[in-house]
Each structure stands twice: as C-alpha cells, then as structure tokens.
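In what follows, chains carry the letters A, B, and so on, assigned in the order in which the sequence lines appear, proteins first and then strands, with residues in each chain numbered from 1. For the numbers below, each heavy atom of this structure counts, side chains included, while hydrogens, waters and symmetry mates do not.
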Amino acid sequence: MSKSDTILKLLQGCNCIRRLHKIHALVITNGLQHHTPVSTKLLNFCAISVSGSLAYAQLLFHCIDNPQTQAWNSIIRGFAKSPSPIQAILYYNDMVFALVARPDTFTFSFVLKACERVKGERKCREVHGTIIRCGYESDVVVCTNLLRTYALNGSIDLAQRVFDSLSERDLVSWNSMISCYSQAGFHHEALKVYDRMKNETTGLDGFTLVGLLSSCAHVGALNFGVHLHGIALEEGFVENIYVGNALIDMYAKCGSLDDALRVFNSMQKRDVFTWNSIIAGCGVHGRGDGAVSIFRQMLMAGVQPNSITFTGLLCGCSHQGLVEEGVEYFHMMSSKFNLKPGVKHYGCIVDLFGRAGKLEKALEIIETSPTPDDPILWRILLGSCKIHKNVKIGETAMRNLMQLGESTGGDCILLSTIYAGAKDTAGVSEMRKMIKSQGMKTTPGWSWIEVGDRIHKFVVDDKSHPGYDEIYHKLREAIHQATLFGYVPEKSFINVAGLITEECLETSTSYHSEKLAIAFGLAKTSKGTPLRIVKNLRVCRDCHSFTKYISRAFNREIIVRDRVRFHHFKGGLCSCKDYW
DNA sequence: TTAGGGTTAG
C-alpha cells in the first residue's frame, strides 16, 4: 500500500481532532501536502466531519495551490452548515472571482443553503443569475434549493416562478413547494399545489402529507384532512411519526378532538411533538383536565417536556379555570424541569388569574415578571378587565400600553367596551377621539366554513358571495327561529355612540362574519350535519348567545374556532360554559 | 467522490 493510500485509510478511521492533527503531520512528513487526492480528502473531512474542524479546514484550503471545484465545494459546504454561513458566501464570491474553478451544481446547492440561512435574498437573486449563465436552470436539485431559498427569504412568488419554470418536477420539488407555502402561511396555496400534483404521476409520500395536513390544520379544512388520513391509511404512511403527529394536530385544530385522541392512542411510537400536539389540542378545546392527565402520562412514559408542552398545558388550565393546577405547573417548569418560563407562559398565568377574576393578582404577576414592558401581557390583562368589567385596572393596562408606545386600535376598542359597560360616555368618547386622531387601524373580522371540498370566507355584512340572497334569507330565518327560543340580540352601547370601529361593525345590528357563515352552513348542508366555523377574532357575546340558540333551534352541533380556543355548541349550550 | 423535502406554541 502506498503512503497516500495509507493516509486515506487512516482518515477513514479518524474520529477526533487530535488524531487528525497527527494525520496532517504525517502528510507533511511524507511530503504529501501537495498530493491533490490526499489534501482534498483531508480538507473535505475537516470541513464536514463532526470530529473535524472548520478552522483547520481553512488552514488546509489556503495551502492548496489553485484549488479546484471539489476543494471549493468542501469549504463552502462546511461553512454553509456552520454557525457562520456568511463565510460560505464569501468563499463562493472568491471562487467566482478567481475564475480558476468553475462552480458546479453542488457549489450552487451549498451556497444557496448559506443564502437561506443568512436571509440573503439579494445574493440569492445574484446566484440565480449565475445558475442560468452556467446552464443549470433545468437542474431539479439546484432549482429545489433555489425555490426554498427564495421562499424562506420571503419571496414566495419567485419560488413559485422557479418551480413553474422547471421542465421536470420530482416528488421532492413538489413537496418543497407545498411545505414552503405552508411554512410561509399561504395555506390555501399549499393545498392548491396538491390539486396540480394530483394530475402528475409523481405520487406522494409522508412529506407531502405532513405539509398538506399542517395547512389543513391552519385553515380548519377537516374534510380535506380526513381525505388525507384515508390516503395515509391506504398507502401505509400512518406508522410515520411525522404523519401521526400532523394528523393529531390537524384533527385537534379542525375541531375534532375525539379523532385527535384516537390517532394519539393508536400510535406505537410517540415523541415530544406527539405529546405536545395532543396536550395543546386538549387545551384549546377547554379540556384542561384532559391536558393535565395526558401530561402526567407523558412524564410516566419518560418523555421530557419542553417549553411548548407547558404553553399547551397552561393554556388548558386557563381556559378551564384550573387556577391552582396552572400555578403549580408554572412553578414546576423551573423547579423540576429546569425550564425558564417565557413571555408566553407568563401570558398564560396572567390570563389564568385574569379570566378567573383575580385581576389584582394578574397585575402583580406582570409587574414582577422578567418582562413587565411586554405589551402582550398588558393586552391580556385588558382583555380580562373587559370580561370582569373592571374600569380601574383596565385603565392601568391601557396606560402601560400607551407608555410603551404599543397601544393599538384593538386596545382602544377593548377599553371603550369596558367604559360602555360602566355607562361612561366620556370614556367612550375619549377612546373614539384617540382612534380617529391617531388614525389607528383595526383588524377586520372574517370567518370561514368548509362545505364539501370548498372553503367559503365571509367578512362582516359580506355581499360578495354569489349566493348572498339565499344566505341573507336564511340568516333572517335563523334569527327569527333563535328569537322564538329566547334569543335576545344585544344592543351595543358603542354602536349607539357611533364609534366606527371593528367592535362596532361586529354588533348585532349588522351581520357578523360568523353569523353569515352559520347561515351559509344551514342553507348548504343537510339536517343534522355539524357546522365548523373558523374565525380570526374572539367570538363576541352576542354571537356566542346567537350560536347557542341556533344549535338548539336547528338541532345542529356548531363548532367555532376563534382566535384562541374552540367552542362546541350543542342543544343550546356551549362547551366553554360561557367561560371564555 | 459532495446536493434538495416533514410536525407542536404564538
């Protein structure tokens, strides 16, 4: 065996940096530092291997005269994955500038990974140009990297263009397009990609299902999610833990906690995502007791909880009014699991006390928290003051938001409502002035409902739907029926005062988005079919009351997912027991 | 002797 072969063999068995240094010394002693296969192999090993060293790789790289593509690729690849991916881009620049070694498809894949990590959209465009000049615009792997980099840098439209320009698409490129849309929050677009994909012969796999199920979860598309579950069963993907976890999340977020529990119970293998998904699912359905029980099972199964586990658990305690349990678990985070509570956990505790009417305690929690300057905490307190009609603490919360320069139109509306409840016209007027003078914007409310394989979206007083005559006719009939069962529409003081705001628009004198969605569901589905509504804001008191009466008058189960939780309306009652 | 895809909170 030659000396160079011996060294290459030694490298294969090398597992620590000290040994690597010895091999390098051997390379020098034997005069092999300019032996290309040896130096390239050594460089590649240092740049990539966990037992290697990037600094050492740099040293070796700079000892190579006229490094060729493979050597450049090693150093760019190593830095692209390292804590300083910008270095990969700098080496790529040097490579292109040097004009000695030509970048190949691997070079582009590595440098694009670096662009993705440094959020270098401009650099990505420049690399894209070079890819075209080098004639690699049809390479499916390079283009998959390219579209991911564009998408993860916020240019989803460019990602779509790269994808569309591909002459041939394989399963990974389809999956990448779906997951990019899903991760960027374009869930309807993700689902539309699947419509196109179905017409190809590519097939699908667990990655496809996970991306699609995640988007179903976000938009509340239960029917489509059930269809995907069917495919997962037929094609044997239900054993895949990622698919199982995504199914739990989809069912829980689409309002079917029982199905989420069925998937959870059927899973042979569970990881922290599995437990977190089902605990959070119980939490948003107001089943704090269920969340606590599953959390105990998680500990018995020997799975270490993380901070997300506690977000779900504390949220469950808050929605069910389990104050003592919530406080106990909050303290347990640091005392038993060495987890530092973050602002979200403090938010849950403020909500837990606030919702339970312990507003002084909620205030104390914010003031003694590590982040008393976080507007989220004050906003949660303001929300609790609305529930419990507490003007004094509500004003304190608002004052803090203003001092932080974080008060929004939504906050003014919350305080207006509190003033309105206290018949404080001066207060309402002051908030109205503030909204107008500062030109504050509010979030427009919308609701959607899935009927068949389509999702129908409504805004307040929506007249854009093609079947709006029928919808408004059904709504008037529904209001009449609900009234016969005892529904009394709530008059809004704010509306009387003429405040043109989101809350004003969302009053019983106009038709809320969820009322329109319910009317549409009643008109378009057969008797007894449950209605599932997704709403972007919290459900208002009038709509909550209306939906309870509708569930009784029409004998329908109505599941409403609002901004923070689910409400299951059945027989004139709501699962939240009016505690929300 | 190198390259591309997945889940949970908010």
Q.
Ring of A:Trp580, cation from A:Arg565 - is the NZ or CZ under 6.0 Å from the centre and inside 45° of the axis?
A. no

Q: Could you check whether A:Glu116 gets within reach of a base, just the sugar-phosphate, or nothing at all, counting any heavy atom under 4.0 Å?
A: nothing

Q) Using 4.0 Å as the upper bound for N to carboxylate O, is an ion pair formed by A:Arg262 and A:Asp259? A) yes

**Q.** Whole-Å distance separating the NE2 atom of A:His128 from the P atom of B:dG4
**A.** 19 Å

Q) Out of B:dT2, B:dA3, B:dA9, which has the shortest distance to the side chain of A:Ala280? A) B:dA9

Q | Side-chain N or O of A:Lys253 closer than 4.0 Å to phosphate OP1/OP2 of B:dT7 | A | no

Q. Quick one: does A:Asn245 reach the base of B:dG6 with a side-chain donor-acceptor pair under 3.5 Å?
A. no

Q: Identify whether the distance between the nearest side-chain nitrogen and carboxylate oxygen of A:Arg196 and A:Glu200 falls below 4.0 Å.
A: no

Q: Send over the distance from A:Asp139 CG to B:dA3 C1', rounded to a whole Å.
A: 9 Å

**Q.** Donor/acceptor link under 3.5 angstrom from A:Asp205 side chain onto base of B:dG6
**A.** no

Q: Verify the contact: side-chain N or O of A:Ser214 to OP1 or OP2 of B:dT8, cut-off strictly under 4.0 Å; return yes or no.
A: yes

Q. Counting side-chain heavy atoms from CB outward, which of B:dA9, B:dG4, B:dT7 is closest to A:Lys344?
A. B:dA9

Q: Starting from C1' on B:dG10, measure out to CZ on A:Phe310 and report it in whole angstrom.
A: 18 Å

Q. Between B:dA9, B:dG4, B:dT1, which one does the side chain of A:Asn44 approach most closely?
A. B:dT1

Q: Kindly state whether the pair A:Phe106 / B:dA3 counts as stacked, where counting means centroids closer than 5.5 Å and planes tilted less than 30° apart.
A: no

Q: Inspect the surroundings of NZ in A:Lys336 and state if more than 12 heavy atoms from other residues, nucleotides or ligands are less than 6.0 Å away.
A: no

Q: Output the distance between atom OG (A:Ser214) and atom CD1 (A:Ile178), rounded to the nearest 0.5 Å.
A: 11.5 Å

Q) To the nearest angstrom, how far is A:Leu247 atom CG from B:dT7 atom P? A) 14 Å

**Q.** A:Phe273 ring over B:dT8 six-membered base ring, under 5.5 Å and 30°
**A.** no

Q. So what does A:Asn73 touch, heavy atoms closer than 4.0 Å: a base, only the sugar-phosphate, or nothing?
A. base

Q | Phosphate OP1/OP2 of B:dT1 contacted by A:Lys41 side-chain N/O (<4.0 Å) | A | yes

Q. Can you tell me how far P of B:dA9 sits from CE of A:Met333, to the nearest Å?
A. 16 Å

Q: Determine the contact category for A:Leu171: base if any of its heavy atoms lies under 4.0 Å from a base atom, sugar-phosphate if only primed atoms, P, OP1 or OP2 are that close, otherwise nothing.
A: base

Q) Picking from B:dT1, B:dG4, B:dG6, which would you name as closest to the side chain of A:Thr144? A) B:dG4

Q: To the nearest Å, give me how far apart CZ (A:Phe108) and P (B:dG4) are.
A: 16 Å

Q: Grab the NE2-C1' distance between A:His187 and B:dT7 for me, whole Å please.
A: 13 Å

Q: Answer with yes or no after comparing the ring centroid distance for A:Phe310 and A:His345 against a 6.0 Å cut-off, counting only values under it.
A: no

Q.
Distance alone, cut at 3.5 Å: any donor-acceptor contact between the side chains of A:Asp249 and A:Ser277?
A. no

Q) Picking from B:dG4, B:dT7, B:dA3, which would you name as closest to the side chain of A:Ser173? A) B:dG4

**Q.** Atom-pair distance (CE on A:Met95; C1' on B:dT2), nearest Å
**A.** 12 Å

Q | A:Arg148 vs B:dG6: side-chain N/O to OP1/OP2 distance below 4.0 Å | A | yes

(Q) Closest approach to the side chain of A:Phe110, judged atom by atom: which nucleotide of B:dT1, B:dA9, B:dA3 is it? (A) B:dA3

Q.
Which nucleotide wins on minimum distance to the side chain of A:Thr311, given the candidates B:dA9, B:dT1, B:dG6?
A. B:dA9

Q) Looking across every strand, which nucleic acid part, if any, lies under 4.0 Å from A:Gly206 by heavy atom: base, sugar-phosphate, or nothing? A) base

